[in-house]
Amino acid sequence: MRLSKAYIPTLKEAPADAEVISHKLLVRAGCVRKLTSGVYIYLPLGWRSLNKIAAVVREEMNRAGAQELHMPVVQPAELWRESGRWEQYGKELLRFKDRHDRESCLGPTHEEVITDLVRGEVRSYRRLPINLYQIQTKFRDEIRPRFGLMRGREFIMKDAYSFDKDDAGADASYKSMYDAYERVFTRLGLRFKAVEADSGSIGGSFSHEFMVLAETGEDTIVYCPACGFAANVERAPAIAAITPWSGERPPLKEVSTPGTHTVAQVCAFLKAEPSDLIKTMLFTADGAPVAVLVRGDREVNLIKLKNFLDAAEVEQAAPEQVTQWTGAPLGFAGPVGLRGDVRIYADEELKDGRPRIAGANKGDAHVRNLDIARDVKVTAWADLRVIAEGDPCPQCGQKPGFARGIEVGHVFKLGTKYSKALNATIQDEEGRERHIIMGCYGIGVSRILAACVEQNHDVDGIVFPPAIAPYDLMLLNLDEKNAELAAKADELYELLRNEGLEVLLDDREERPGVKFKDADLIGIPMQLVLGTKGFQRGVLEAKDRRNGEKIELPLADFAGAFRAWRERVLSGWGMR
RNA sequence: CGGGAUGUGGCUCAGUCUGGCGGAGCGCAGCGUUCGGGACGCUGAGGCCGGAGGUUCAAAUCCUCUCAUCCCGACCA
């Protein structure tokens, strides 16, 4: 492609509405433009990269035995009613009516459609296993789209669905997808980690997330170098190292703590450590009031709470509810003296029995010497906190590490959740009717583009891994007005294309500085620079975008020298 | 949905507090000088100051409503 004719609008400045680096750079490099909140136009450059990503995904899906199909974006309400998700899914499901007043929705995911398809066709175990996938635009009306392509409302996703006759088959399908995902992300040149995950609203029995490691990731993962354990912190058990309290247990005592609303304020006022406190967090679980007790230096894990209570919806209580249940202003909630119908759940870690400080359910007051066993009517004990630095590995007890990640893939073993809801059955070897065992597997194709830039950039712009780069190579002609040089550039352009490379030739009548800046910004892995001075000396400059290393290649034996250099650039990426 | 902020040529922003001819830089068009890391000079085009209503002799500026976008908290590829 000739840059003089290409639609690649680069920008010197980042748009005001972009916050994260991938968003800024993808817009500046002319890869994407925002149409409206959470909805993006993929420009030629960005679209090429997305297709590169999709191609790798496709190859690995096909290799794993999955077959590609394409399902509709518009889906009828009846199917969603049948699965129960029309009511359950929430506002992310964009619902609308057509001209006949028929209710429809834009597909946020395709379990309903695929299950409907398969239940109509597949009656026998002999037809299984089957794995079907598509690469397609999804729409989820996110409450708050953000971070550019990272959390859009409209995005491109690869979703695959497996159907098996029994559990062992489903496990094999799961494993096969898991392995395919590892190959996909490895081939794309991403640094990633597969972690155990919560299965969320999609449902099902177990799942793994594939996380691209980046500081700007929305998720935190915990991993153990000793035993290989890796999980999303939402999911990781927090093991309490409990040392039972053997000291005194003085009686409960109320103390005045004017104006201390936060743990930090209480600690400062009473000269205590956060771990000496009990935090009383109030929630509604499917409408019912719930109090959760954790140590002052811990965070309540909402997912664990939700799973433990087996609740459909758990939300932090509104301020009015808090004041109503505690009879006190915000910041003074405690487990003693709560309104009667508030169930109290305590985190395992508090089982050490140590007397602690808690809110008094009274303005400007706390209580000291709170002994949960003695003073509080606990409904149940459970692991309800987020694992934190300093906690042992839940699997082997060694010290785990923590990292931030961007979720780019998620594999679920669904079991029979959808096959039961939609009555998708087969006959087994004995002629018995059985529900099909399902799995589903997603890859955020457009999110990978953003995650890739988050992980691969420098001060000058994007540093695309070869597998994702929109072109293999960029050829800069520094003086387009020099006819001899332009002819040489054309010759090299043809030669490189004949080598099977995708080449972007900067043949614009621009000053060299502009060309260098744009080339670095766009981030194509290999740059060849043809300038007058070098040309006179019979050389051109080759620059590795990843590390900035420049060498000169002789024009005389260009093909050979180029191949050797190209090998080096590519192996540099392979060895990361 | 709560909390915070912002809407002014294509882009980044000043001007708003204290009402009085709509500005700058970049980009764009033309001419000239430049030409290996986002050059310089001159000339020029380009605006319903997000929209509606109000106050006023006079509104980008003050008031009311509304729409949009971004950031912080509950969802997810």
Side-chain angles (χ1 to χ4, degrees), chain A residues 9-20 23 27-28 33-39 53 57 89-93 108-109 135-160 181 197-202 207 209-212 218-219 232 234 283-284 302-303 306 313-320 406-412 440-451 460-461 476-482 509-521 527 529-535 540-541 543 548 550:
Chain A
T10 58
L11 261 31
K12 272 193 189 174
E13 285 171 291
D17 57 9
E19 200 64 30
V20 296
H23 188 194
V27 172
R28 283 191 57 207
R33 286 290 183 269
K34 188 177 74 176
L35 179 63
T36 180
S37 179
V39 179
I53 295 166
V57 170
Y89 203 93
K91 289 182 179 166
E92 284 76 42
L93 182 65
T109 174
I135 294 175
Q136 192 233 23
T137 297
K138 296 275 186 282
F139 192 92
R140 293 183 190 171
D141 201 359
E142 294 282 345
I143 302 164
R144 183 153 87 89
R146 59 183 143 172
F147 304 149
L149 287 196
M150 223 117 90
R151 177 169 301 280
R153 296 145 80 206
E154 187 175 303
F155 58 98
I156 299 173
M157 176 167 143
K158 186 284 302 178
D159 45 327
Y181 275 35
D198 184 75
S199 44
S201 70
I202 303 230
S207 82
E209 288 167 338
F210 289 78
M211 297 285 192
V212 164
E218 289 185 89
D219 290 283
N232 193 313
E234 289 177 344
F283 300 90
T284 57
L302 265 177
I303 306 263
K306 193 170 157 181
E313 194 157 18
V314 174
E315 285 181 317
Q316 212 172 336
E320 312 81 68
I406 301 164
E407 183 190 356
V408 291
H410 203 156
V411 293
F412 297 87
C440 76
Y441 317 93
I443 290 182
V445 173
S446 45
R447 183 182 279 181
I448 286 175
L449 184 58
D460 294 313
L476 312 189
N477 174 12
L478 294 191
D479 188 3
E480 193 60 30
K481 286 176 194 146
N482 179 333
E509 291 196 6
E510 287 286 354
R511 295 162 56 85
V514 173
K515 299 195 177 201
F516 289 132
K517 288 289 182 189
D518 270 344
D520 286 348
L521 176 61
Q527 290 177 15
V529 180
L530 182 63
T532 321
K533 288 176 197 162
F535 182 58
L540 90 180
E541 187 178 274
K543 174 173 158 182
K550 298 173 188 174

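When reading the values below, keep in mind they use all heavy atoms of this one structure, side chains included, and skip hydrogens, waters and symmetry mates. Order of the sequence lines sets the chain letters (A, B, ...), proteins ahead of strands, with each chain counted from 1.
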Distances under 3.5 Å only, N/O to N/O: pair up the protein atoms with those of nucleotides 33-39 of chain B.
unit_1, atom_1, unit_2, atom_2, d
rU34(B), O2, Arg511(A), NH1, 2.5
rG36(B), N2, Glu541(A), OE1, 2.9
rG36(B), N2, Glu541(A), OE2, 2.9
rG37(B), O6, Lys550(A), NZ, 3.4
rG37(B), N1, Asp520(A), OD2, 3.1
rG37(B), N2, Asp520(A), OD2, 2.3
rG38(B), O2', Lys12(A), NZ, 3.0
rG38(B), O6, Arg28(A), NH2, 3.2
rG38(B), N1, Asp518(A), OD1, 3.2
rG38(B), N2, Asp518(A), OD1, 3.4
rG38(B), N2, Asp518(A), OD2, 3.4

*Got a sec, which residues hit salt bridge (Lys or Arg N to Asp or Glu O under 4.0 Å) with Lys515(A), two or more places apart in sequence or on another chain?*
Asp506(A)

*Sticking with atom C1', work out how far rU16(B) lies from rU8(B), rounded to a whole angstrom.*
11 Å

*Whole Å only: how far is the CD1 atom of Ile443(A) from the P atom of rA77(B)?*
12 Å

_Strand partner of rU33(B), provided both Watson-Crick or wobble distances fall under 3.5 Å_ = rA39(B)

*When rounded to the nearest Å, what value does the distance between C1' atoms of rU12(B) and rG38(B) take?*
15 Å

*Using the P atom in both, what is the distance from rU66(B) to rG3(B), to the nearest Å?*
14 Å

*Lys517(A): side chain to side chain contact (heavy atoms under 4.5 Å, CB included) partners, not counting sequence neighbours*: Asp460(A)

*Select base, sugar-phosphate, or nothing to describe what Gly548(A) touches, counting heavy atoms under 4.0 Å on all strands.*
nothing

*asked:* So for Arg151(A) and rC76(B), does any side-chain atom that can act as donor or acceptor lie under 3.5 Å from a complementary atom in the base?
replied: yes

*Exam field: side chain Ser446(A) to backbone Phe155(A), donor-acceptor pair closer than 3.5 Å*: no

N/O donor to acceptor pairs below 3.5 angstrom from side-chain atoms of residues 142-151 of chain A, sequence neighbours left out:
unit_1, atom_1, unit_2, atom_2, d
Arg151(A), NE, Glu218(A), OE2, 3.3
Arg151(A), NH2, Glu218(A), OE2, 3.1

*With a non-hydrogen cut-off below 4.0 angstrom, is Asp219(A) in contact with a base, only sugar-phosphate, or nothing?*
base

_Suppose we screen for side chain to side chain donor-acceptor pair (under 3.5 Å). Which residues come up paired with Lys306(A), at least two apart in sequence or across chains?_
none

*Could you please name the partner base of rG2(B), counting Watson-Crick and G-U wobble pairs only when both distances are under 3.5 Å?*
rC72(B)

_Partner residues of Tyr441(A) under the ring-ring contact (aromatic ring centres under 6.0 Å, His included) criterion, sequence neighbours left out_ = none

*Can you list the residues that meet the side chain to side chain donor-acceptor pair (under 3.5 Å) rule with Glu92(A), with sequence neighbours excluded?*
none

*Go ahead and name the base partner of rA60(B); Watson-Crick or wobble counts if both distances stay under 3.5 Å, otherwise write none.*
none

_Charged N-O contact under 4.0 Å between Lys91(A) and Asp141(A)_ = no

*Exam field: side chain Arg140(A) to backbone Leu93(A), donor-acceptor pair closer than 3.5 Å*: no

_Thr532(A): which residues meet the side chain to side chain contact (heavy atoms under 4.5 Å, CB included) condition with it, sequence neighbours left out?_
Asp479(A), Asn482(A), Leu485(A), Gln536(A)

*Report the residues that fulfil side chain to side chain contact (heavy atoms under 4.5 Å, CB included) with Leu11(A), sequence neighbours left out, ordered by chain and then residue number.*
Val27(A), Arg28(A), Arg33(A)

*Considering only the P atoms, how many Å lie between rC42(B) and rG36(B), rounded to the nearest integer?*
24 Å

*asked:* So Pro15(A), base contact, sugar-phosphate only, or nothing? Heavy-atom distance under 4.0 Å.
replied: sugar-phosphate

*Between Glu13(A) (CD) and rC13(B) (C1'), how many Å, whole number?*
8 Å

*Sugar-phosphate means primed atoms, P, OP1 and OP2; the rest is base. With that split, encode nucleotides 68-74 of chain B 5' to 3' as B, S or - using protein heavy atoms under 4.0 Å.*
-SSBBBB

Do any N or O atoms of the protein come closer than 3.5 Å to N or O atoms of nucleotides 6-8 of chain B, and which pairs are they?
none

*asked:* Would you say that Leu449(A) contacts Ile53(A) through its side chain, given a criterion of any heavy-atom pair below 4.5 Å between the two side chains?
replied: yes

*To the nearest Å, how far apart are Ile406(A) CD1 and rA77(B) C1'?*
12 Å

*For rC26(B), which nucleotide is its Watson-Crick or G-U wobble mate, given both distances must be under 3.5 Å?*
rG10(B)

_Contacts of Ala18(A) that satisfy side chain to side chain contact (heavy atoms under 4.5 Å, CB included) - sequence neighbours left out_ = Pro15(A), His23(A), Lys24(A)

*For rC65(B), the Watson-Crick or wobble counterpart (both distances under 3.5 Å)*: rG51(B)

_rC26(B) and rC21(B), which share atom name C1', separated by this distance in whole Å_ = 26 Å

*Take atom CZ of Phe155(A) and atom C1' of rC75(B), then tell me their distance rounded to the nearest Å.*
12 Å

*Atom C1', compared across rC40(B) and rG25(B): separation rounded to whole Å*: 15 Å

